[in-house]
Amino acid sequence: MDRTQYFSAQAGRTIDVPRRVKSRFAIGDVVKHRVFDFRGVIFDIDPVFANSDEWYEAIPEDIRPDRNQPFYHLLAESDDSDYVAYVSQQNLVTDSISGPVSHPDVHQYFEQFENGRYRMRRSMTH
């Protein structure tokens with residue numbers, strides 16, 4: 001069987017996913033959005049889109065990403081604010097040379113910024 005399923009509380013439904021998905025980025029990587037002016041550190045990865053249909057439909061159709069790719073949860077920062085972002089793989093690029101992320105929750109998830117990426121706290125791993 002090449003697919004599996006899991007329940008996403010965020011989406012409020014069961015998500016059907018391929019058993020193997022190749023993600024370009026990893027937890028702890030610092031990335032920036034390809035189009036919009038924000039950057040962040042990845043703290044979770046969904047193998048495919050696993051948010052609500054309402055969230056997805058709110059994205060203008062001409063820039064709406066494909067659901068069948070990894071989506072990343074970021075502790076994001078912009079010039080104006082800090083927040084959690086949910087971004088498709090196609091809209092992210094590496095940003096490790098810009099230094100650490102100043103999001104106030106970074107230290108809840110990560111121990112330190114070293115060699116352009118964060119190392120996850122041992123208490124957060126399994």
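Closest approach of Ala85 and Phe38 over heavy atoms only: CB-CE1, 3.9 Å. The two atoms that bring Pro104 and Asp82 nearest to each other are CD-OD2, 3.3 Å, heavy atoms only. Nearest approach of Val101 to Gly40, heavy atoms of both residues: CG2-C, 3.8 Å.
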Salt bridge (Lys or Arg N to Asp or Glu O under 4.0 Å) between Arg119 and Glu111, worked out: CA-CA 6 Å; Arg119 183 172 39 172; Glu111 291 179 351; 3.4 Å; yes
- prompt: Hey, mind stepping through Arg20 and Asp2 against salt bridge (Lys or Arg N to Asp or Glu O under 4.0 Å) and telling me if it holds?
  reply: CA-CA 8 Å; Arg20 293 182 189 254; Asp2 290 343; over 6 Å; no
message: One pair to check against side-chain contact (heavy atoms from CB on, under 4.5 Å): Asp44 and Tyr72. What are the steps and the verdict?
response: CA-CA 6 Å; Asp44 195 13; Tyr72 300 84; over 6 Å; no
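A distance-only check finds no donor-acceptor pair linking the side chain of Tyr118 to the backbone of Ile42 [under 3.5 Å]. Remark: side-chain polar atoms of His103 are paired, donor with acceptor, to backbone N or O of Tyr83 under 3.5 angstrom. Looking only at distances, a side-chain donor or acceptor of Tyr56 sits under 3.5 Å from a matching main-chain atom of Pro65. Remark: the backbone N or O of Ala26 is paired with a side-chain donor or acceptor of Asp29 at under 3.5 angstrom. Side-chain atoms of Arg34 never come within 3.5 Å of backbone atoms of Gln89 as a donor-acceptor pair (strictly under, hydrogens ignored).
Residues Pro18 and Asn68 have side chains not in contact (no heavy-atom distance under 4.5 Å, counting atoms from C-beta outward). Side-chain contact check for Asp53 versus Arg13: some heavy-atom pair is nearer than 4.5 Å. Using a 4.5 Å cut-off on side-chain heavy atoms (C-beta onward), Phe25 and Pro70 make no contact. Taking the side chain as every heavy atom from C-beta outward, Val31 and Leu74 approach each other to under 4.5 Å. In this structure the side chain of Val35 never reaches within 4.5 angstrom of the side chain of Ile63, judged on heavy atoms. Between Leu75 and Tyr109, the closest side-chain pair of non-hydrogen atoms falls below 4.5 Å. Side-chain contact between Phe113 and Val30: present, with at least one pair of heavy atoms (C-beta onward) separated by less than 4.5 Å. When side chains are defined from C-beta on, Glu77 counts as touching Arg39, because their heavy atoms get closer than 4.5 Å.
Atom CZ of Phe110 sits about 4.5 Å away from atom CE of Met120, to the nearest 0.5 Å. Remark: Glu54 CD to Ser52 OG distance equals 4.5 Å, nearest 0.5 Å. Once rounded to the nearest 0.5 Å, the distance linking CG of Asp37 with OG of Ser78 reads 7.5 Å. For the atom pair CD of Gln90 and CD of Gln69, the computed distance is 4.5 Å after rounding to the nearest 0.5 Å.
For Glu57, the side-chain contact (heavy atoms from CB on, under 4.5 Å) test picks out Arg64, Arg67, with sequence neighbours left out.
In this model, no donor atom of one side chain and acceptor atom of the other lie less than 3.5 Å apart for Gln5 and Thr14. A donor-acceptor contact under 3.5 angstrom links the side chains of Asp46 and Tyr86, judged on distance only.
Shown here is Asp79, whose CG atom has no more than 12 heavy atoms of other residues, nucleotides or ligands within 6.0 Å. Shown here is Asn115, whose CG atom has no more than 12 heavy atoms of other residues, nucleotides or ligands within 6.0 Å. No more than 12 heavy atoms of other residues, nucleotides or ligands sit less than 6.0 Å from atom CD1 of Ile97.
Both Val84 and Ile59 sit in one connected hydrophobic cluster of ILVMFWY residues. Membership requires side-chain heavy atoms under 4.5 Å apart, directly or through other members.
Screening Val17, Asp66, Asp16 for a side chain to side chain contact (heavy atoms under 4.5 Å, CB included) with Val48, the sole residue that qualifies is Val17.
Note: Trp55 and Phe71 have perpendicular aromatic rings, judged against thresholds of 30 and 60 degrees for the angle between ring planes.
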